[in-house]
Every structure is written in structure tokens, then in C-alpha cells.
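Beneath this line is the structure, given in C-alpha cells, with notes to follow.
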Amino acid sequence: MRWSETFIPTLKEAPAEAEILSHQLLLRAGLVRKLAGGLYTFLPAGVRVLHKIEAIVREEMERAGALEVLMPAVQPPEIWQASGRYEQAADVLFKVADSKGREWLLGPTHEEVVTSMAAVELNSYRQLPINFYQVQTKFRDEIRPRFGLMRAREFIMKDAYSFDATDEAALISYQKMYDAYVRIFERCGVQAFPVEADTGVMGGNHSHEFMIPAQTGESEVAYTEDGNYSANVEKAGSQGPLAATPNQCTGAVEEFATPDVKTIEDLAGEPYEVPAEAQIKTLVFIAEDKPVIALMRGDDEANEAKLAVAFGTAIFRPAEAEEIHAALGAHPGSLGAVGVNGIPVYADSQLKQAAGMTTGANKDGFHIRNVNVARDLSQVQFLDLRTVREGELSAEGQPLKIRRAIEVGHVFKLGTKYSEALGASFLDEDGKAQAPVMGCYGLGVTRTLQAIIEYSNDDNGIVWPAAVSPWQVCITALDVEADGEVMQVATQIHEELNTAGIDTILDDRELRPGIKFKDSELVGFPVRLGIGARSLKEGNVEFTLRSEGGREAVPVSEAVARVKAVLA
RNA sequence: CGGAGCGUAGCACAGCCUGGUUAGUGCGCCUGUUUUGGGAACAGGAGGUCGAGUGUUCGAAUCACUCCGCUCCGACCA
């Protein structure tokens, strides 16, 4: 390809719409353009990267035995009602009406579709295991699209769905996908590490997210430096907070006046001086229209993902002040669970042995002290509800660290939720009907594209890993006179590289060298061959690795071999 | 959905507070001349419903109201 014959509109300045570096570089390098918020056009160079990532994904899916299909983006709402997600996912579902007023959904994911197909097509254990995958455009009515392709309303995702006869077999399918993901990200030239992920309401231990470390990531990961533990903070656990919880107290519960106390900090300060770790924080939520209480140690943060598991539903929200007053008879600031009946109470496990605690009296302006959880609270379920903090010890005794990352993939053992809901079943060896055990495996292709940029760049622009670069080599011709020696050499090397199967772009534009160098660095080609009269006089071309800079004189006759060697 | 900011040429922005010639600057674009190894110089030129609508006014990019869009923070994130 000649640069003058393609379309790579580079920008010297970053458009104001782009906040994070990778988004700016996507625009500046001429890879994408925005149509509207969260909706992007991929320009020729961007499409080439996209296709290269997709090709790697397809190869690894096929290697793992998955079968490519292509399911409709437009889906009937009925299957979503059947799975229960029509309500659950309501705020991200794109709904459209056809000309007859019939409602359709633009699919954010395809569990319902693939399971509907399986319900008809999979009848016998002899057909299992089987894994269908697709590379498809997904739609999600994001509350707030942002960061370019990172959180878009329309994006490309690879999703795979495995069907197995038994739980054990499903774990094998899961492991195959897990291994495939490791290979995919490795081949994309990016460090993506698997972390244990929240499995939500369905429970179980088989879910991993693949994370690319980045300051701008929207996820937080807790890990230990020895590499033995890493988990999304939504899921992460520890041995507990560093400050111990009081557990010795025999005194009777005692009410005391606390005018003006509204927060944990108020009670920790003058004149009460109750340390936060000796307080019980009382949180009230409305879960599926009913109030529930969550108790945390005063200095702990509740973890929403863990709350969802405790409540058995992801549909909950913090209660409004009036709702709280109606349920407990007091306003936030004086809430407690002692003596509460008829409202489910979930407490963080840290509180199980707690004694001598202080908490609200459910009477505005009053608290109670000497609360002994085991003695004074009845009907409490103890669960891990807290968010871990940096420095706490992992189960193996290693200190936890926390860092931000971009989630680019998610593998998940689903169980039989969808197969049961949508009536998929097969006959086992004994002729008995069984629901296939499913797994689902998502990989954000467009998000990965941007995450690679976020991960691999420098002051001059993108630094593409060779496997996904729009072109692997850029020949920068410094004199584009059609029958001049420079273009003759450049054209010949261009042809030889293309013949050797190496994607090469020849920058034949009639521009000053500075612009062409800057552009090649901005777009980020891994290898550049500078060809100009100056070095040609010595019989050389200039060889530059994007990741290292500098320039190395290489004889014309060896240029192709040199490029081949470095890309091998 | 709550909070904040922004919307003027393809891009980045000034002008707005304090209303008044023909709306400006830089980059980019077109033509010409000179340049030619790290985002050239000079000369000429094209390009604007000043986000949209309504209102105030003799007069609105500028003031007011409504709407739309974009960005950020929060909430939310199958």
C-alpha cells in the first residue's frame, strides 16, 4: 500500500473531546472518527488493526475447538423476558420499534440467542461438548459512554458459549477458553493478566477477568506481589482489616445522647472518641422493593458486588431518608439493628465476634454502646461484605496491593441458568433429560484495540506490537521523484517485503521529511526504513525500530532480510 | 438521573463580562514562488446559519429563557 493511496488523516493537535491518551492517539493517528457519543467510524488504518486482532482471536478460538457462528444483533424481547434479564438489564438495553410498533432489542450479549438455538438443535449428549463463538457488534445503552472505544454504545465483541453434559466437562471447556485468552493477549503483544472475578448472584468460583494494567482503567484489582493472588476488588477477600475489632465486653447495652452526630467521624471525634473500628455502620437498602439492612464495621466500606450476592439480587439501591425513617423510626446518623424485627439483616463477618461496639439507637440523636453482636443481635446472617484495602493480608499472608486496570476479557462458568430458563435440554446416556451446563466467554475487541494503545505508547505516539500494527513496516521515501533512485529502491524493497508477506506501507507523499517521520511515529509502525539520497550514496537505508528509536545504516541489499529477522 | 464546564471555519482557540463596522488568530486546506533529512518561508485565496429556537433591543456571537449536543465528576456498568 502507498500512503498517498490510502487515507490516514493524522492530527497535529488532540481534539478537545478526547481526555485520555489512548483516545487522543486513536484520533490523532487517524484510526477512528466520532459520529456521536460512543459511536465511532473506523478509518482504513483502524480497520486493519481491528481485523488483525480479530484474526488472532479467531485462530485461537478455532485452536480451542470453538465453532464460529453469527447471530442476529436484533433480538426479540421475549427471550430476554424468559431469562429474566429484560428487567435486570433494562437500563442498558437498546429498544427499538419496527414500523408496526413491535418492540425489538439490539443485543448487548447473546446468551439468550445461543441458548434458544441450543434448545432446538442440541438433543443428545453425543453432540456435547460444543462451543459456539462469534465476532459481533454489540449494543449497550451506556448511561455515560466515555473514553472513546473503552465504553462505547456500539462495540465489537467476541463472545463464545460452551455447552457441556456435566459440571466437570464444563470446567474443561472453561479452562480451554482461559488458556485461549492467555494466548490471544500474548499474541496481541499486551500484558493481560487473569484475575478472579465476581460471579454475581449465581455464585461459584469460576470466573476470571483479563486485565490490562492502566492508570485510566475503570476496574480495580487487588493482588499480591508474589503473583499467587489477584482478584477484582469486587471479589477480593483478605484476612481482615489491620485494626482489630473489639471482642471483650460484658457491660449491658446502654443508650447515650449524641446530638449532632451524623457520621462515623463525628462519633470518633470529640467528645465521644469511639474509634471507627468499634462502631457498627448500619446501611439500609431497598432490594426488590423491600428494605434490607447491611452492617459493616465503622471503618469498612461495603462492597456492592458482595451485597448483591448477600441479597440474592442485583436490583437494589440505597434507601431514601424517608424510607429509612419508615422502616427504623430514625434518620441516617442514628441507625442501628439492635431490636430490629421483620427486616433481613446481613452483617459483615468481621462483626461476628464483635463486642463492646457502638451503634445507632434508632432514635434521632441517640446511640447505644456495649453492643455485643452475638448477644444483642438476633437473626443476623454473617457474610463477607467488605471491600479490601491495600496492605491487608491475603489468605496466604501476603500484603495486598491495589491497582487500576482495563477489563478486556471475561470468562464465566454459567451453570444451567440459561439452559433451564430457555428450555434447552439433551438426553444423557441413560435417556434422561438434562440441562446442559453452559459457560460464556467475552472479549472486547474494540476495547482491546484501545487498551493496547493505552498500554503501548510514548511521547511521539503509538508503539504498535508488530502483530496488530496496521502495517508492520513503513518505508519513508525522502525524495518521491518518480524515476529517481530513492523511489526505485523504495519501490523495490516495498515489493519484496509484500511478497514476503510483510505488511508494508510506502510513504510516497510529497511532504517534507519531518512530517513523514512524525507521522510514522504517531501512527506507530514497529519498523521504519528511511530511504533518502544521503544514505543511499553510501549504499544504505536507515533502519529504525519504533520501540527503540535511533537509526541504523543497513545496506540496501540486506534491508529485506533485516526486516524479516526482526519481525520473525 | 444529580453536579460542573463547554458549544464561534476541518482542528485548537480568542472575542461574550461592558450589545454597535465586513467575526478574528494559529494549524490544516487551495494556487504560486523559494525551500527540501525532524511538523519550512513568503505572497495570494477558499472556508462561518457564531449549536438550534424564542424573547429583550433601533441593533445580538455578546443579554434572558427553552431545547439539543459534547466533556468531566458522581450515581450506574449484562
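If you're wondering where the values come from, they're calculated on a predicted model, not measured in any experiment. All heavy atoms count here, side chains included; hydrogens, waters and symmetry mates do not. In what follows, every chain begins at residue 1, and chains take the letters A, B, ... in the order their sequences are listed.
- Across all strands, A/Glu234 comes closer than 4.0 Å to no nucleic acid atom at all (heavy-atom distances).
- Between A/Leu511 atom CG and B/U35 atom P there is a gap of 18 Å when expressed in whole angstrom units.
- A donor-acceptor pair under 3.5 Å is absent between the side-chain atoms of A/Arg153 and the main chain of A/Gly38, judged by distance alone.
- Rounded to the nearest Å, the gap between the C1' atom of B/C50 and that of B/G15 is 10 Å.
- Regarding A/Lys34, its NZ atom lies at a distance of 6 Å from the P atom of B/C70, rounded to whole Å.
- Atom-to-atom, CG of A/Leu35 to C1' of B/G69 comes out at 12 Å; the value is rounded to the nearest Å.
- Atom CG in A/Leu27 sits about 13 Å away from atom C1' in B/C70, given to the nearest Å.
- Under 3.5 Å, the side chain of A/Arg509 and the base of B/G39 form no donor-acceptor pair of N or O atoms.
- B/G55: Watson-Crick or G-U partner is B/C63, with both key distances under 3.5 Å.
- In this structure, A/Tyr161 has its ring center no closer than 6.0 Å to that of A/Phe132.
- B/C11 atom P lies 14 Å from atom NE2 of A/His23, rounded to whole Å.
- Side-chain contact of A/Glu454 with A/Thr216: a donor-acceptor pair under 3.5 Å is present, judged by distance alone.
- Between B/C42 and B/G28, the distance separating the two P atoms is 12 Å to the nearest Å.
- Nucleic acid contact for A/Glu13: base, since at least one base atom lies under 4.0 Å from a heavy atom of the residue.
- At B/U71, none of the side-chain N or O atoms of A/Arg146 fall inside 4.0 Å of OP1 or OP2 (strictly under the cut-off).
- Mapped onto RNA chain B by nearest heavy atom, A/Gly38 and A/Ala14 fall at different nucleotides, with A/Ala14 at the one closer to the 5' end.
- With B/C72, B/G39, B/C77 as the candidates, the nucleotide lying closest to the side chain of A/Arg28 is B/G39.
- Of the candidates B/C70, B/G39, B/G37, the closest approach to any side-chain atom of A/Leu522 belongs to B/G39.
- For B/U62 and B/U18, the P atoms lie 14 Å apart once the distance is rounded to whole Å.
- Counting any heavy atom pair closer than 4.0 Å across all strands shown, A/Tyr86 reaches no nucleic acid atom.
- The distance from atom CZ of A/Arg153 to atom C1' of B/G69 is 12 Å, rounded to the nearest whole Å.
- Residue A/Glu301 contributes atom CD, which lies 15 Å from atom C1' of B/A75 at whole-angstrom precision.
- For A/Val92 and A/Thr544, each mapped to the nucleotide of RNA chain B holding its nearest heavy atom, the one lying further toward the 5' end belongs to A/Thr544.
- Side-chain N/O atoms of A/Arg151 and base N/O atoms of B/C77 include a donor-acceptor pair closer than 3.5 Å.
- Rounded to whole Å, the separation between the C1' atoms of B/G37 and B/U33 comes to 23 Å.
- When each of B/G37, B/C11, B/G28 is scored by its nearest atom to the side-chain atoms of A/Pro15, the top-ranked nucleotide is B/C11.
- Using a 4.0 Å heavy-atom distance criterion, A/Gly37 is classed as a sugar-phosphate-only contact.
- Pair assignment for B/G19: none, as no Watson-Crick or G-U wobble contacts are both less than 3.5 Å.
- Among the atoms of the strands shown, none is found under 4.0 Å from any heavy atom of A/Ala18.
- Pairing partner, B/A9: none, since no Watson-Crick or wobble contact has both distances short of 3.5 Å.
- Counting non-hydrogen atoms under 4.0 angstrom, A/Glu218 reaches nothing in the nucleic acid.
- The A/Phe147 side chain lies nearest to B/C73 when the options are B/A12, B/G37, B/C73.
- The partner of B/U49, taking Watson-Crick or G-U wobble pairs whose two distances both stay under 3.5 Å, does not exist in any strand shown.
- A/Asp479 comes within contact range of no nucleotide atom at all, as no heavy-atom separation falls under 4.0 Å.
- Residue A/Arg144 places none of its side-chain N or O atoms closer than 4.0 Å to OP1 or OP2 of B/C1.
- Side chains of A/Thr476 and A/Asp507: a donor-acceptor N/O pair is absent below 3.5 angstrom, by distance only.
- What separates CD of A/Glu17 from P of B/C11 is a distance of 9 Å, to the nearest Å.
- Base pairing of B/A75 is not made with any nucleotide, judged by Watson-Crick or G-U wobble geometry with both donor-acceptor distances under 3.5 Å.
- B/C72 and B/C67 have their P atoms separated by 23 Å, with the value rounded to a whole Å.
- Residue A/Arg512 has no polar side-chain atom (N or O) positioned under 4.0 Å from OP1 or OP2 of B/G39.
- Look at the C1' atom in both B/U22 and B/G32: the space between them is 27 Å, to the nearest Å.
- A/Ser162 and A/Tyr174 share no side-chain donor-acceptor pair at under 3.5 Å.
- No hydrogens or angles considered: nothing links the side chains of A/Trp104 and A/Gln75 as a donor-acceptor pair under 3.5 Å.
- The salt bridge (Lys or Arg N to Asp or Glu O under 4.0 Å) test with A/Arg528 singles out one residue from A/Glu521, A/Glu548, A/Glu542, and that residue is A/Glu521.
- The partner of B/A14, taking Watson-Crick or G-U wobble pairs whose two distances both stay under 3.5 Å, does not exist in any strand shown.
- Spacing between B/G51 and B/C58 at atom C1', rounded to whole Å, works out to 27 Å.
- Side-chain contact, A/Tyr346 with A/Lys306: no donor N or O sits under 3.5 Å from an acceptor N or O.
- Comparing atom distances between the A/Ile515 side chain and each of B/C77, B/G37, B/A40 picks out B/A40 as nearest.
- Nucleic acid contact class of A/Arg528 (heavy atoms, under 4.0 Å, all strands): base.
- The nucleotide B/C42 finds its pairing partner in B/G32, both defining distances of the Watson-Crick or G-U wobble pair being shorter than 3.5 Å.
- On a pure distance criterion of 3.5 Å, no polar donor-acceptor pair joins the side chain of A/Arg33 and the base of B/G10.
- Taking the C1' atoms as reference points, B/A60 lies 27 Å from B/G26, given to the whole Å.
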*asked:* Could you go through A/Gln136 and A/Asp159, starting from their C-alpha distance and side-chain angles, then the distance that decides it, and tell me whether this counts as side-chain hydrogen bond (donor to acceptor under 3.5 Å, both in side chains)?
replied: CA-CA 8 Å; A/Gln136 239 279 24; A/Asp159 46 326; over 6 Å; no

